[in-house]
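Notes for the one structure printed next.
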Amino acid sequence: MCMNMIKENNRKLEKEIYLGNAEDIAKFILGKILVHKSPEGITKGMIVETEAYLGEKDKGSHTYNNRRTKRTEIQYKEGGYAYVYFIYGMYYCFNIVTNKAEKAEAVLIRALEPVEGLELMKARRKNDNILKLANGPGKLCTAMGITREHNGMDLCSDILYLEYPENDVEHQIEASKRINIDYAEEAKDYLLRFTIKGNKYVSI
DNA sequence: CGGAAGATTTCT
DNA sequence: GAAATCTTCCGA
């Protein structure tokens with residue numbers, strides 16, 4: 001019997017994982033690996049920082065009051081899809097759609113610790129500092145090569161998905177206020193940002 | 001159809 | 001502290 005016959009595929013997070021609520025998933029995926037298989041090569045990064053957006057009742061969310069537009073439509077699907085939007089004329093942000101259909105919740109991935117494909121990530125970012133390759137939502141999309149083409153993509157596909165880490169290191173979760181949503185009134189104080197405590201790759 | 005604003009990053 | 005830069009959305 002070979003002890004190392006675990007296929008790479010077996011590590012992929014199951015669809016059911018994404019059907020829970022955004023806050024639970026934001027915490028759950030800390031320490032998991034984001035994988036993108038692009039024509040240029042494979043890049044992987046461990047998720048170290050996330051933010052939950054709760055839709056209807058969350059003034060920080062694009063889907064506050066169930067606002068339904070061409071851009072936000074994907075969030076109304078059931079969990080397990082990518083929500084990628086363009087921001088400030090220059091950057092993309094990568095989110096994971098969560099919960100059941102018509103529950104427009106999502107988890108923003110804010111920072112990664114680079115794991116594989118570091119040379120490709122450096123080239124895309126035009127920066128050699130590993131600490132700063134993916135320590136912010138716009139930066140990680142550049143490093144991973146995520147663009148509008150990935151909007152609406154199924155995260156159970158073989159192109160873009162999450163997997164369980166090979167060595168599941170224990171970590172503590174720290175909650176804090178979300179970043180750059182000063183307009184969100186009372187919602188800006190919600191503790192919906194989650195980081196791996198002490199990790200050097202978080203954005204701030 | 002015009003204009004304002006944005007879940008950011010980078011440089012001064 | 002402010003610029004870079006453009007899609008999306010809302011009001012007229």
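Chain A is the first sequence line, chain B the second, and so forth, proteins listed ahead of strands; every chain is numbered from 1.
C:dT7 atom P lies 20 Å from atom CD1 of A:Ile74, rounded to whole Å. Following rounding to the nearest Å, A:Tyr91 (OH) and C:dT8 (P) show an atom-to-atom distance of 18 Å. Spacing between atom CZ of A:Arg71 and atom C1' of C:dC10 amounts to 13 Å, rounded to whole angstrom units. The distance from atom CD1 of A:Ile87 to atom C1' of C:dC6 is 10 Å, rounded to the nearest whole Å.
Nucleic acid contact for A:Leu108: base, since at least one base atom lies under 4.0 Å from a heavy atom of the residue. Among the heavy atoms of the strands, none lies under 4.0 Å from A:Arg193. Residue contacts shown for A:Gly60 include a base, since a base heavy atom lies under 4.0 Å away. Residue contacts for A:Gly138: at a heavy-atom cut-off of 4.0 Å it reaches the sugar-phosphate backbone alone, with no base atom in range. Residue A:Tyr88 is classed as a base contact, given a heavy-atom separation below 4.0 Å to a base.
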- Task: Show your reasoning for whether side-chain hydrogen bond (donor to acceptor under 3.5 Å, both in side chains) applies to A:Glu56 and A:Asn65.
- Result: CA-CA 4 Å; A:Glu56 185 178 5; A:Asn65 217 9; over 6 Å; no
- After noting the C-alpha distance and the side-chain angles of A:His62 and A:Tyr53, does the key distance pass the ring-ring contact (aromatic ring centres under 6.0 Å, His included) rule? CA-CA 8 Å; A:His62 290 163; A:Tyr53 286 86; 7.4 Å; no
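Note: A:Tyr92 and A:Phe86 have tilted aromatic rings, judged against thresholds of 30 and 60 degrees for the angle between ring planes.
Regarding contacts with the backbone of C:dT8, every side-chain N or O of A:Arg67 stays at 4.0 angstrom or more from both OP1 and OP2.
To the nearest whole angstrom, the two P atoms, one in B:dA4 and one in C:dA3, are 16 Å apart.
Residue pairs that meet the ring pair (Phe, Tyr, Trp, His ring centres under 6.0 Å) test with at least one member in residues 13-39 of chain A, sequence neighbours left out, are A:His36-A:His150.
Contact footprint of chain A on DNA chain B: nucleotides with an atom under 4.0 Å from a non-hydrogen protein atom, first to last in 5' to 3' order, B:dG6 to B:dT10.
In the hydrophobic clustering, A:Ile179 connects to A:Ile204, either directly or through intervening members, whenever side-chain heavy atoms lie under 4.5 Å apart.
Using a 4.5 Å heavy-atom cutoff, the side chains of A:Lys37 and A:Ser157 are not in contact.
Rounding to the nearest 0.5 Å gives a distance of 14.5 Å between CG of A:Leu140 and OH of A:Tyr201.
For C:dT5, there is no paired nucleotide, since no Watson-Crick or G-U wobble pair has both relevant distances below 3.5 Å. Nucleotide B:dG2 is matched to C:dC10 when pairs are restricted to Watson-Crick or G-U wobble geometry with both distances under 3.5 angstrom.
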